[in-house]
Amino acid sequence: MKRFIYADNAATTKLSDTVLESMMPYLKEEFGNPSSLYELGSRAKTAIERSREQVADALGALPREIYFTSGGSESDNWAIFGAANAMRQKGKTHIISTKIEHHAVLHALEALEKQGFEVTYLDVPGDGIVRTEDFERAITDKTGFATIMYANNEIGTIQPIPEIGKICRDRGIIFHTDAVQAVGNLHINVKEQNIDLLSLSAHKFHGPKGVGALYIRSGVRIPNYIYGGAQERGRRAGTENTAGIVGLGTAITEAVASIDKKAEYLTKLRDYIIGGVLKNIQRSRLNGHPVKRLPGNINFSFEGIEGESLLLLLDQKGICASSGSACTSGSLDPSHVLLSIGLPHEIAHGSLRLTLGEDNTFEDADYILSVLPPIVQRLRDMSPLWEKIKNEN
Amino acid sequence: MYTEKVMDHFLNPRNMGEIQDADAVGEVGNAKCGDIMKMYLKIDNNVITDIKFKTFGCASAIATSSIATEMIKGKSIDEALQLTNKAVVEALDGLPAHKIHCSVLAEQAVKAAIADYYRKQGIDPEPIVGKLTEADHH
(Lines give C-alpha, C1' and ligand atoms only; values in the text may rest on other atoms or scores of the structure.)
Protein backbone atom coordinates (compact mmCIF):
# COMPACT_ATOMS: atom_id res chain seq x y z
CA MET A 1 0.00 0.00 0.00
CA LYS A 2 1.18 3.48 -0.80
CA ARG A 3 2.12 5.46 2.28
CA PHE A 4 0.11 8.52 3.10
CA ILE A 5 1.60 11.19 5.32
CA TYR A 6 -0.35 14.35 5.88
CA ALA A 7 2.12 17.06 6.86
CA ASP A 8 0.17 20.18 5.93
CA ASN A 9 -1.69 20.87 9.15
CA ALA A 10 -1.19 24.62 8.81
CA ALA A 11 -3.34 24.44 5.66
CA THR A 12 -6.08 22.49 7.34
CA THR A 13 -6.51 19.61 9.76
CA LYS A 14 -8.51 16.43 9.77
CA LEU A 15 -11.88 16.66 11.48
CA SER A 16 -11.71 14.85 14.82
CA ASP A 17 -14.13 11.98 15.39
CA THR A 18 -15.56 13.49 18.56
CA VAL A 19 -16.07 16.79 16.77
CA LEU A 20 -17.96 15.07 13.97
CA GLU A 21 -20.08 13.16 16.48
CA SER A 22 -20.99 16.35 18.30
CA MET A 23 -22.03 17.95 15.01
CA MET A 24 -24.10 15.12 13.61
CA PRO A 25 -27.36 15.78 15.48
CA TYR A 26 -27.39 19.36 14.16
CA LEU A 27 -27.02 18.13 10.58
CA LYS A 28 -29.87 15.69 11.08
CA GLU A 29 -32.74 15.74 13.54
CA GLU A 30 -31.78 18.94 15.37
CA PHE A 31 -32.18 21.02 12.24
CA GLY A 32 -34.21 23.83 13.78
CA ASN A 33 -33.54 27.49 13.16
CA PRO A 34 -31.93 28.78 16.36
CA SER A 35 -34.11 31.89 16.16
CA SER A 36 -37.37 29.90 16.22
CA LEU A 37 -39.42 29.91 19.40
CA TYR A 38 -40.43 26.26 19.61
CA GLU A 39 -38.26 23.71 21.34
CA LEU A 40 -36.55 22.44 18.21
CA GLY A 41 -35.27 25.96 17.62
CA SER A 42 -34.34 26.69 21.17
CA ARG A 43 -32.35 23.46 21.46
CA ALA A 44 -30.23 24.65 18.55
CA LYS A 45 -29.87 28.02 20.23
CA THR A 46 -28.78 26.35 23.45
CA ALA A 47 -26.16 24.37 21.55
CA ILE A 48 -24.78 27.57 20.02
CA GLU A 49 -24.59 29.26 23.41
CA ARG A 50 -22.79 26.24 24.86
CA SER A 51 -20.25 26.51 22.08
CA ARG A 52 -19.84 30.22 22.79
CA GLU A 53 -18.99 29.36 26.39
CA GLN A 54 -16.49 26.75 25.25
CA VAL A 55 -14.73 29.23 22.96
CA ALA A 56 -14.75 31.89 25.69
CA ASP A 57 -13.28 29.43 28.22
CA ALA A 58 -10.55 28.44 25.80
CA LEU A 59 -9.47 32.07 25.40
CA GLY A 60 -10.07 33.38 28.92
CA ALA A 61 -12.88 35.58 27.58
CA LEU A 62 -16.54 36.11 28.42
CA PRO A 63 -19.14 34.36 26.27
CA ARG A 64 -20.65 37.68 25.21
CA GLU A 65 -17.27 38.68 23.78
CA ILE A 66 -17.33 35.82 21.25
CA TYR A 67 -18.92 36.26 17.81
CA PHE A 68 -19.20 33.38 15.38
CA THR A 69 -18.11 34.02 11.80
CA SER A 70 -17.40 32.00 8.66
CA GLY A 71 -13.72 31.66 9.53
CA GLY A 72 -10.38 33.37 9.87
CA SER A 73 -10.58 35.66 6.87
CA GLU A 74 -13.96 37.03 7.84
CA SER A 75 -12.84 37.57 11.43
CA ASP A 76 -9.74 39.40 10.23
CA ASN A 77 -11.77 41.59 7.89
CA TRP A 78 -14.33 42.45 10.53
CA ALA A 79 -11.64 43.28 13.09
CA ILE A 80 -9.58 45.39 10.70
CA PHE A 81 -12.30 47.37 8.94
CA GLY A 82 -14.17 47.67 12.22
CA ALA A 83 -11.20 48.98 14.18
CA ALA A 84 -10.29 51.36 11.37
CA ASN A 85 -13.78 52.78 11.44
CA ALA A 86 -13.68 53.14 15.22
CA MET A 87 -10.31 54.87 15.25
CA ARG A 88 -11.25 57.29 12.49
CA GLN A 89 -14.05 58.57 14.68
CA LYS A 90 -11.38 59.47 17.21
CA GLY A 91 -9.29 61.24 14.59
CA LYS A 92 -6.67 58.48 14.38
CA THR A 93 -5.40 57.44 10.96
CA HIS A 94 -2.28 55.36 11.54
CA ILE A 95 -2.15 51.56 11.79
CA ILE A 96 0.78 49.32 12.69
CA SER A 97 1.19 45.80 11.33
CA THR A 98 3.99 43.59 10.01
CA LYS A 99 5.28 42.44 6.64
CA ILE A 100 4.63 38.80 7.48
CA GLU A 101 0.87 38.87 8.05
CA HIS A 102 -1.57 36.58 6.27
CA HIS A 103 -3.10 37.99 3.09
CA ALA A 104 -6.47 38.30 4.85
CA VAL A 105 -4.79 40.99 6.93
CA LEU A 106 -2.42 42.48 4.35
CA HIS A 107 -5.03 42.89 1.64
CA ALA A 108 -7.54 44.38 4.09
CA LEU A 109 -4.88 46.89 5.16
CA GLU A 110 -4.08 47.72 1.53
CA ALA A 111 -7.76 48.50 1.03
CA LEU A 112 -7.63 50.82 4.04
CA GLU A 113 -4.58 52.58 2.61
CA LYS A 114 -6.68 53.40 -0.45
CA GLN A 115 -9.22 54.94 1.92
CA GLY A 116 -6.55 57.26 3.30
CA PHE A 117 -5.22 55.34 6.28
CA GLU A 118 -1.50 55.19 6.81
CA VAL A 119 -0.10 51.75 7.58
CA THR A 120 3.36 50.91 8.91
CA TYR A 121 4.36 47.36 8.03
CA LEU A 122 7.10 46.44 10.46
CA ASP A 123 10.11 44.58 9.15
CA VAL A 124 11.11 41.39 10.87
CA PRO A 125 14.72 40.32 11.33
CA GLY A 126 15.99 37.03 9.91
CA ASP A 127 14.48 35.00 12.74
CA GLY A 128 10.97 36.05 11.70
CA ILE A 129 10.00 37.65 15.00
CA VAL A 130 8.90 41.27 15.20
CA ARG A 131 10.72 43.35 17.81
CA THR A 132 8.70 45.23 20.43
CA GLU A 133 11.21 48.13 20.25
CA ASP A 134 10.42 48.51 16.56
CA PHE A 135 6.74 48.42 17.38
CA GLU A 136 7.08 51.12 20.03
CA ARG A 137 9.16 53.28 17.71
CA ALA A 138 6.46 53.11 15.04
CA ILE A 139 3.78 54.55 17.30
CA THR A 140 2.74 58.12 16.55
CA ASP A 141 0.03 60.29 18.06
CA LYS A 142 -2.10 59.22 15.08
CA THR A 143 -1.81 55.50 15.80
CA GLY A 144 -5.15 54.02 16.71
CA PHE A 145 -4.91 50.37 15.76
CA ALA A 146 -2.38 47.55 15.51
CA THR A 147 -2.75 44.10 14.02
CA ILE A 148 0.00 41.54 14.57
CA MET A 149 -0.37 37.81 14.00
CA TYR A 150 0.07 35.48 16.96
CA ALA A 151 2.09 32.89 15.04
CA ASN A 152 3.14 32.92 11.42
CA ASN A 153 1.47 30.46 9.06
CA GLU A 154 4.55 29.83 6.94
CA ILE A 155 7.53 29.82 9.23
CA GLY A 156 5.64 29.26 12.48
CA THR A 157 7.38 32.05 14.39
CA ILE A 158 5.63 33.15 17.57
CA GLN A 159 5.26 36.89 17.96
CA PRO A 160 5.57 38.76 21.28
CA ILE A 161 1.82 39.24 21.60
CA PRO A 162 1.53 39.81 25.38
CA GLU A 163 4.28 42.46 25.23
CA ILE A 164 2.71 44.27 22.29
CA GLY A 165 -0.72 43.91 23.91
CA LYS A 166 0.59 45.66 27.00
CA ILE A 167 2.06 48.52 24.99
CA CYS A 168 -1.19 48.97 23.07
CA ARG A 169 -3.30 48.94 26.21
CA ASP A 170 -1.06 51.57 27.82
CA ARG A 171 -1.18 53.76 24.72
CA GLY A 172 -4.89 53.39 23.98
CA ILE A 173 -4.32 51.53 20.72
CA ILE A 174 -6.87 48.89 19.66
CA PHE A 175 -4.97 45.61 19.33
CA HIS A 176 -6.00 42.75 17.04
CA THR A 177 -4.20 39.47 16.62
CA ASP A 178 -4.79 36.92 13.89
CA ALA A 179 -4.44 33.80 16.02
CA VAL A 180 -5.59 31.36 13.36
CA GLN A 181 -2.38 29.30 13.58
CA ALA A 182 -1.94 29.69 17.32
CA VAL A 183 -5.26 28.60 18.81
CA GLY A 184 -4.99 25.01 19.99
CA ASN A 185 -1.19 25.14 19.77
CA LEU A 186 -0.28 27.88 22.25
CA HIS A 187 -1.75 29.07 25.54
CA ILE A 188 -3.80 32.16 24.90
CA ASN A 189 -5.48 34.32 27.48
CA VAL A 190 -6.96 37.46 26.00
CA LYS A 191 -7.28 39.21 29.38
CA GLU A 192 -3.77 38.50 30.63
CA GLN A 193 -2.30 39.20 27.21
CA ASN A 194 -4.20 42.47 26.66
CA ILE A 195 -5.79 41.43 23.40
CA ASP A 196 -8.75 43.49 22.17
CA LEU A 197 -9.65 41.51 19.07
CA LEU A 198 -8.68 37.96 18.13
CA SER A 199 -9.45 35.89 15.04
CA LEU A 200 -9.64 32.11 14.99
CA SER A 201 -10.71 29.39 12.58
CA ALA A 202 -12.07 25.96 13.53
CA HIS A 203 -10.51 23.87 10.75
CA LYS A 204 -7.00 24.65 11.95
CA PHE A 205 -7.56 22.61 15.12
CA HIS A 206 -9.54 19.61 13.90
CA GLY A 207 -12.85 21.43 13.64
CA PRO A 208 -14.96 21.90 10.53
CA LYS A 209 -14.27 24.34 7.69
CA GLY A 210 -16.39 27.43 7.20
CA VAL A 211 -16.65 28.46 10.83
CA GLY A 212 -14.57 30.66 13.07
CA ALA A 213 -14.91 33.36 15.66
CA LEU A 214 -13.92 36.89 16.45
CA TYR A 215 -13.29 37.85 20.07
CA ILE A 216 -14.23 41.45 20.67
CA ARG A 217 -13.26 42.67 24.12
CA SER A 218 -16.17 44.14 25.96
CA GLY A 219 -15.70 47.91 25.81
CA VAL A 220 -14.07 47.90 22.37
CA ARG A 221 -16.61 49.37 20.02
CA ILE A 222 -16.44 48.39 16.40
CA PRO A 223 -19.34 48.54 13.93
CA ASN A 224 -21.56 45.57 13.14
CA TYR A 225 -20.40 43.47 10.23
CA ILE A 226 -23.46 41.96 8.57
CA TYR A 227 -26.80 43.73 8.79
CA GLY A 228 -29.96 41.69 9.01
CA GLY A 229 -31.51 39.65 11.78
CA ALA A 230 -30.69 39.55 15.45
CA GLN A 231 -28.18 36.71 15.25
CA GLU A 232 -24.91 37.27 17.11
CA ARG A 233 -26.69 40.06 18.96
CA GLY A 234 -27.36 41.83 15.69
CA ARG A 235 -23.68 42.30 14.97
CA ARG A 236 -23.25 39.54 12.44
CA ALA A 237 -26.62 38.66 11.01
CA GLY A 238 -27.55 35.47 9.19
CA THR A 239 -28.97 32.13 10.28
CA GLU A 240 -26.26 30.38 12.25
CA ASN A 241 -24.20 27.46 10.98
CA THR A 242 -25.33 25.44 14.00
CA ALA A 243 -23.45 22.23 13.29
CA GLY A 244 -20.29 24.15 12.45
CA ILE A 245 -20.52 26.26 15.58
CA VAL A 246 -21.08 23.17 17.73
CA GLY A 247 -18.07 21.54 16.03
CA LEU A 248 -15.97 24.63 16.76
CA GLY A 249 -16.88 24.42 20.45
CA THR A 250 -15.98 20.75 20.71
CA ALA A 251 -12.78 21.19 18.73
CA ILE A 252 -11.45 24.14 20.70
CA THR A 253 -12.17 22.44 24.03
CA GLU A 254 -10.40 19.31 22.88
CA ALA A 255 -7.45 21.21 21.38
CA VAL A 256 -6.86 23.50 24.33
CA ALA A 257 -6.98 20.60 26.80
CA SER A 258 -4.12 18.85 25.02
CA ILE A 259 -1.85 21.82 24.20
CA ASP A 260 1.02 20.83 26.51
CA LYS A 261 1.01 17.17 25.59
CA LYS A 262 0.76 17.95 21.90
CA ALA A 263 3.48 20.61 22.07
CA GLU A 264 5.88 18.28 23.84
CA TYR A 265 5.38 15.53 21.28
CA LEU A 266 5.37 17.72 18.17
CA THR A 267 8.45 19.65 19.27
CA LYS A 268 10.40 16.39 19.53
CA LEU A 269 9.14 15.18 16.19
CA ARG A 270 9.79 18.55 14.55
CA ASP A 271 13.35 18.83 15.86
CA TYR A 272 14.05 15.25 14.83
CA ILE A 273 13.11 16.01 11.23
CA ILE A 274 14.92 19.36 11.24
CA GLY A 275 18.10 17.77 12.58
CA GLY A 276 17.97 14.95 10.05
CA VAL A 277 17.39 17.19 7.07
CA LEU A 278 20.02 19.81 7.92
CA LYS A 279 22.54 17.02 8.49
CA ASN A 280 21.77 15.04 5.35
CA ILE A 281 21.01 17.70 2.76
CA GLN A 282 23.78 20.13 1.97
CA ARG A 283 22.88 23.78 1.31
CA SER A 284 19.63 23.46 3.19
CA ARG A 285 18.45 25.92 5.81
CA LEU A 286 15.70 26.18 8.37
CA ASN A 287 13.60 29.32 7.94
CA GLY A 288 12.40 31.11 11.04
CA HIS A 289 13.55 31.00 14.66
CA PRO A 290 14.67 27.48 15.63
CA VAL A 291 12.83 27.46 18.96
CA LYS A 292 10.30 30.29 19.07
CA ARG A 293 8.10 28.61 16.50
CA LEU A 294 4.93 26.54 16.47
CA PRO A 295 5.61 23.01 17.75
CA GLY A 296 4.64 21.39 14.44
CA ASN A 297 6.11 23.90 12.00
CA ILE A 298 9.10 23.14 9.78
CA ASN A 299 10.17 25.38 6.92
CA PHE A 300 13.25 24.58 4.87
CA SER A 301 14.93 26.09 1.83
CA PHE A 302 16.99 23.97 -0.50
CA GLU A 303 19.30 25.84 -2.82
CA GLY A 304 19.14 25.14 -6.53
CA ILE A 305 15.64 23.69 -6.72
CA GLU A 306 12.09 24.94 -7.04
CA GLY A 307 9.33 24.18 -4.54
CA GLU A 308 6.49 23.06 -6.78
CA SER A 309 8.55 20.28 -8.36
CA LEU A 310 9.56 19.22 -4.89
CA LEU A 311 5.94 19.08 -3.69
CA LEU A 312 4.83 17.02 -6.68
CA LEU A 313 7.63 14.51 -6.16
CA LEU A 314 6.80 14.30 -2.45
CA ASP A 315 3.17 13.75 -3.41
CA GLN A 316 4.32 10.81 -5.54
CA LYS A 317 5.71 9.36 -2.33
CA GLY A 318 2.46 10.02 -0.47
CA ILE A 319 3.64 13.09 1.44
CA CYS A 320 1.38 16.17 1.54
CA ALA A 321 3.35 19.36 2.13
CA SER A 322 3.43 22.97 0.96
CA SER A 323 5.87 25.55 -0.38
CA GLY A 324 6.39 29.29 -0.54
CA SER A 325 7.41 29.03 -4.18
CA ALA A 326 5.72 31.43 -6.60
CA CYS A 327 4.64 28.54 -8.79
CA THR A 328 2.48 27.05 -6.08
CA SER A 329 0.61 30.25 -5.38
CA GLY A 330 0.06 31.31 -8.97
CA SER A 331 1.67 34.67 -8.20
CA LEU A 332 4.85 36.09 -9.63
CA ASP A 333 6.87 36.31 -6.48
CA PRO A 334 7.72 33.71 -3.91
CA SER A 335 6.33 33.99 -0.39
CA HIS A 336 6.30 37.53 1.05
CA VAL A 337 7.19 36.01 4.41
CA LEU A 338 10.36 34.34 3.13
CA LEU A 339 11.37 37.53 1.30
CA SER A 340 10.71 39.53 4.49
CA ILE A 341 13.14 37.43 6.50
CA GLY A 342 15.78 38.23 3.91
CA LEU A 343 15.81 35.22 1.62
CA PRO A 344 16.82 35.96 -1.98
CA HIS A 345 14.12 35.08 -4.52
CA GLU A 346 15.86 31.98 -5.82
CA ILE A 347 16.21 30.49 -2.35
CA ALA A 348 12.63 31.41 -1.42
CA HIS A 349 11.47 29.52 -4.52
CA GLY A 350 13.05 26.37 -3.13
CA SER A 351 11.16 26.24 0.14
CA LEU A 352 9.30 23.40 1.76
CA ARG A 353 6.83 23.66 4.63
CA LEU A 354 5.96 20.60 6.68
CA THR A 355 3.38 21.20 9.40
CA LEU A 356 3.00 18.22 11.68
CA GLY A 357 0.01 17.00 13.61
CA GLU A 358 -0.61 14.48 16.40
CA ASP A 359 -1.25 11.78 13.82
CA ASN A 360 2.31 11.98 12.52
CA THR A 361 4.66 9.38 13.96
CA PHE A 362 8.44 8.96 14.23
CA GLU A 363 8.02 6.30 11.59
CA ASP A 364 6.59 9.00 9.32
CA ALA A 365 9.56 11.19 10.20
CA ASP A 366 12.00 8.43 9.23
CA TYR A 367 10.13 7.94 5.98
CA ILE A 368 10.31 11.68 5.21
CA LEU A 369 14.02 11.65 6.07
CA SER A 370 14.58 8.71 3.73
CA VAL A 371 12.70 10.04 0.69
CA LEU A 372 13.46 13.77 0.89
CA PRO A 373 17.24 13.76 0.28
CA PRO A 374 17.05 11.70 -2.95
CA ILE A 375 14.21 13.87 -4.24
CA VAL A 376 16.20 17.05 -3.59
CA GLN A 377 19.20 15.42 -5.26
CA ARG A 378 17.14 14.37 -8.25
CA LEU A 379 15.96 17.94 -8.82
CA ARG A 380 19.44 19.30 -8.25
CA ASP A 381 20.83 16.91 -10.85
CA MET A 382 18.39 18.47 -13.29
CA SER A 383 19.09 22.04 -12.27
CA PRO A 384 21.46 24.38 -14.12
CA LEU A 385 21.24 26.67 -11.10
CA TRP A 386 22.62 23.94 -8.83
CA GLU A 387 25.44 23.42 -11.32
CA LYS A 388 26.39 27.08 -10.84
CA ILE A 389 26.11 26.91 -7.06
CA LYS A 390 28.34 23.83 -7.03
CA ASN A 391 30.93 25.43 -9.29
CA GLU A 392 31.11 28.57 -7.17
CA ASN A 393 32.45 26.49 -4.33
CA MET B 1 -3.98 20.64 -12.35
CA TYR B 2 -1.59 19.01 -14.83
CA THR B 3 -2.40 16.63 -17.71
CA GLU B 4 -1.07 13.07 -17.71
CA LYS B 5 1.41 14.08 -20.42
CA VAL B 6 2.84 16.88 -18.30
CA MET B 7 3.18 14.57 -15.31
CA ASP B 8 4.78 11.90 -17.46
CA HIS B 9 7.41 14.30 -18.81
CA PHE B 10 7.97 15.76 -15.35
CA LEU B 11 8.38 12.37 -13.69
CA ASN B 12 10.27 10.75 -16.59
CA PRO B 13 12.06 13.60 -18.30
CA ARG B 14 13.47 12.71 -21.74
CA ASN B 15 16.95 13.81 -22.73
CA MET B 16 17.82 15.23 -19.34
CA GLY B 17 21.48 15.91 -18.75
CA GLU B 18 24.43 17.64 -20.38
CA ILE B 19 26.48 17.14 -23.53
CA GLN B 20 30.12 17.69 -22.68
CA ASP B 21 31.24 18.41 -26.26
CA ALA B 22 28.05 20.20 -27.31
CA ASP B 23 28.14 22.22 -30.54
CA ALA B 24 25.80 24.76 -29.02
CA VAL B 25 24.38 25.70 -25.63
CA GLY B 26 21.47 28.01 -24.90
CA GLU B 27 20.23 29.22 -21.55
CA VAL B 28 17.13 31.29 -20.81
CA GLY B 29 15.20 32.41 -17.75
CA ASN B 30 16.54 33.55 -14.42
CA ALA B 31 16.71 32.29 -10.87
CA LYS B 32 14.77 35.24 -9.51
CA CYS B 33 11.68 34.26 -11.46
CA GLY B 34 12.12 30.64 -10.48
CA ASP B 35 12.95 29.04 -13.80
CA ILE B 36 16.09 28.52 -15.87
CA MET B 37 16.33 26.25 -18.93
CA LYS B 38 19.58 25.19 -20.49
CA MET B 39 19.79 23.22 -23.73
CA TYR B 40 22.78 21.45 -25.26
CA LEU B 41 22.85 20.52 -28.94
CA LYS B 42 24.97 18.28 -31.13
CA ILE B 43 24.58 19.37 -34.72
CA ASP B 44 25.75 17.44 -37.71
CA ASN B 45 25.11 18.62 -41.24
CA ASN B 46 22.41 21.01 -40.06
CA VAL B 47 20.64 18.23 -38.24
CA ILE B 48 20.21 18.10 -34.47
CA THR B 49 21.63 14.68 -33.77
CA ASP B 50 21.55 14.92 -30.01
CA ILE B 51 19.98 17.20 -27.45
CA LYS B 52 19.99 17.39 -23.68
CA PHE B 53 18.47 19.82 -21.22
CA LYS B 54 18.74 20.93 -17.63
CA THR B 55 15.98 22.90 -15.96
CA PHE B 56 15.50 24.66 -12.64
CA GLY B 57 11.82 25.26 -12.19
CA CYS B 58 8.37 23.91 -11.63
CA ALA B 59 6.91 20.71 -13.04
CA SER B 60 5.65 22.42 -16.18
CA ALA B 61 9.05 24.00 -16.82
CA ILE B 62 10.64 20.56 -16.64
CA ALA B 63 7.90 18.98 -18.77
CA THR B 64 8.04 21.65 -21.50
CA SER B 65 11.83 21.32 -21.72
CA SER B 66 11.56 17.58 -21.92
CA ILE B 67 8.94 17.49 -24.66
CA ALA B 68 10.65 20.27 -26.63
CA THR B 69 13.84 18.19 -26.78
CA GLU B 70 11.81 15.23 -28.04
CA MET B 71 10.12 17.37 -30.68
CA ILE B 72 13.33 18.62 -32.24
CA LYS B 73 15.71 15.72 -31.85
CA GLY B 74 16.68 14.41 -35.28
CA LYS B 75 15.19 17.47 -36.96
CA SER B 76 16.99 20.02 -39.10
CA ILE B 77 17.81 23.42 -37.65
CA ASP B 78 15.18 24.99 -39.90
CA GLU B 79 12.55 22.61 -38.59
CA ALA B 80 13.63 23.21 -34.99
CA LEU B 81 13.27 26.95 -35.50
CA GLN B 82 9.64 26.36 -36.45
CA LEU B 83 8.92 25.01 -32.96
CA THR B 84 6.39 27.26 -31.28
CA ASN B 85 5.30 27.42 -27.67
CA LYS B 86 1.80 26.63 -28.89
CA ALA B 87 2.99 23.35 -30.37
CA VAL B 88 4.69 22.53 -27.08
CA VAL B 89 1.47 23.21 -25.16
CA GLU B 90 -0.53 21.09 -27.60
CA ALA B 91 1.92 18.23 -27.37
CA LEU B 92 1.44 18.23 -23.61
CA ASP B 93 -2.37 18.24 -23.97
CA GLY B 94 -2.47 21.69 -22.45
CA LEU B 95 -1.00 23.69 -19.58
CA PRO B 96 -2.73 25.76 -16.90
CA ALA B 97 -3.01 29.43 -17.96
CA HIS B 98 -0.42 30.67 -15.47
CA LYS B 99 2.07 28.09 -16.75
CA ILE B 100 2.00 29.08 -20.42
CA HIS B 101 5.18 31.08 -19.89
CA CYS B 102 7.02 27.79 -19.36
CA SER B 103 6.25 26.79 -22.95
CA VAL B 104 7.51 30.17 -24.16
CA LEU B 105 10.67 29.55 -22.22
CA ALA B 106 11.10 26.15 -23.89
CA GLU B 107 10.74 27.69 -27.35
CA GLN B 108 13.23 30.38 -26.39
CA ALA B 109 15.69 27.86 -25.01
CA VAL B 110 15.76 26.01 -28.34
CA LYS B 111 16.25 29.29 -30.21
CA ALA B 112 18.95 30.43 -27.80
CA ALA B 113 20.88 27.22 -28.40
CA ILE B 114 20.57 27.54 -32.17
CA ALA B 115 21.63 31.19 -31.96
CA ASP B 116 24.69 30.04 -30.05
CA TYR B 117 25.44 27.58 -32.86
CA TYR B 118 25.36 30.32 -35.49
CA ARG B 119 27.39 32.65 -33.32
CA LYS B 120 30.08 29.99 -33.00
CA GLN B 121 30.21 29.79 -36.80
CA GLY B 122 30.72 33.52 -36.98
CA ILE B 123 27.22 34.08 -38.30
CA ASP B 124 24.96 36.75 -36.81
CA PRO B 125 22.00 34.70 -35.57
CA GLU B 126 19.49 37.49 -35.35
CA PRO B 127 18.30 37.53 -38.98
CA ILE B 128 17.78 33.75 -38.82
CA VAL B 129 16.64 33.05 -35.28
CA GLY B 130 14.98 36.37 -34.61
CA LYS B 131 15.43 38.54 -31.59
CA LEU B 132 15.38 36.62 -28.36
CA THR B 133 13.32 38.46 -25.86
CA GLU B 134 15.36 37.28 -22.94
CA ALA B 135 12.77 35.11 -21.21
CA ASP B 136 10.45 37.95 -20.54
CA HIS B 137 7.74 35.69 -19.23
CA HIS B 138 6.46 37.64 -16.30
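Lettering follows sequence order; numbering is per chain, from 1. All values derive from a computational prediction rather than experimental measurement.
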Trainee: Which pairs pass salt bridge (charged side-chain N to carboxylate O under 4.0 Å, His left out) with one or both residues in residues 273-287 of chain A, sequence neighbours excluded?
Mentor: A:Arg283-A:Glu303
Trainee: Which residues pass the salt bridge (charged side-chain N to carboxylate O under 4.0 Å, His left out) test with B:Lys86, sequence neighbours left out?
Mentor: B:Glu90
Trainee: Identify which of A:Lys388, A:Glu387, A:Gln316 forms the greatest number of heavy-atom pairs closer than 4.5 Å to chain B.
Mentor: A:Glu387
Trainee: Return the option, out of B:Pro96, B:Gly17, B:Ala97, B:Ala31, with the maximum number of heavy-atom pairs under 4.5 Å with chain A.
Mentor: B:Ala31
Trainee: Taking the side chain as C-beta and beyond, is there a heavy-atom pair between B:Leu41 and B:Ile19 under 4.5 Å?
Mentor: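 B:Leu41 does not reach B:Ile19 side chain to side chain.
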Trainee: For B:Pro13, which atoms come within 4.5 Å of any heavy atom of chain A: side chain, backbone, both, or neither?
Mentor: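 Contact with chain A involves the side chain of B:Pro13 alone.
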Trainee: Do you see a donor-acceptor pair shorter than 3.5 Å between the side chains of A:Ser325 and A:Glu306?
Mentor: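 A donor-acceptor contact under 3.5 Å links the two side chains.
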Trainee: Describe, in one word, how the ring planes of A:Phe302 and A:Phe300 are oriented to each other, choosing from parallel (under 30°), tilted (30 to 60°) and perpendicular (over 60°).
Mentor: tilted
Trainee: List for me each residue that meets side-chain hydrogen bond (donor to acceptor under 3.5 Å, both in side chains) alongside A:Glu110, sequence neighbours excluded, and say none if there are none.
Mentor: none
Trainee: Suppose a student defines contact as a heavy atom less than 4.5 Å from any heavy atom of chain A. Which residues in residues 54-67 of chain B would they list?
Mentor: B:Lys54, B:Thr55, B:Phe56, B:Gly57, B:Cys58, B:Ala59, B:Ser60, B:Ile62
Trainee: Start with the C-alpha distance between B:Arg14 and B:Asp8, add both sets of side-chain angles, then the distance that settles salt bridge (charged side-chain N to carboxylate O under 4.0 Å, His left out), and finish with yes or no.
Mentor: CA-CA 10 Å; B:Arg14 330 290 203 256; B:Asp8 178 38; 2.6 Å; yes
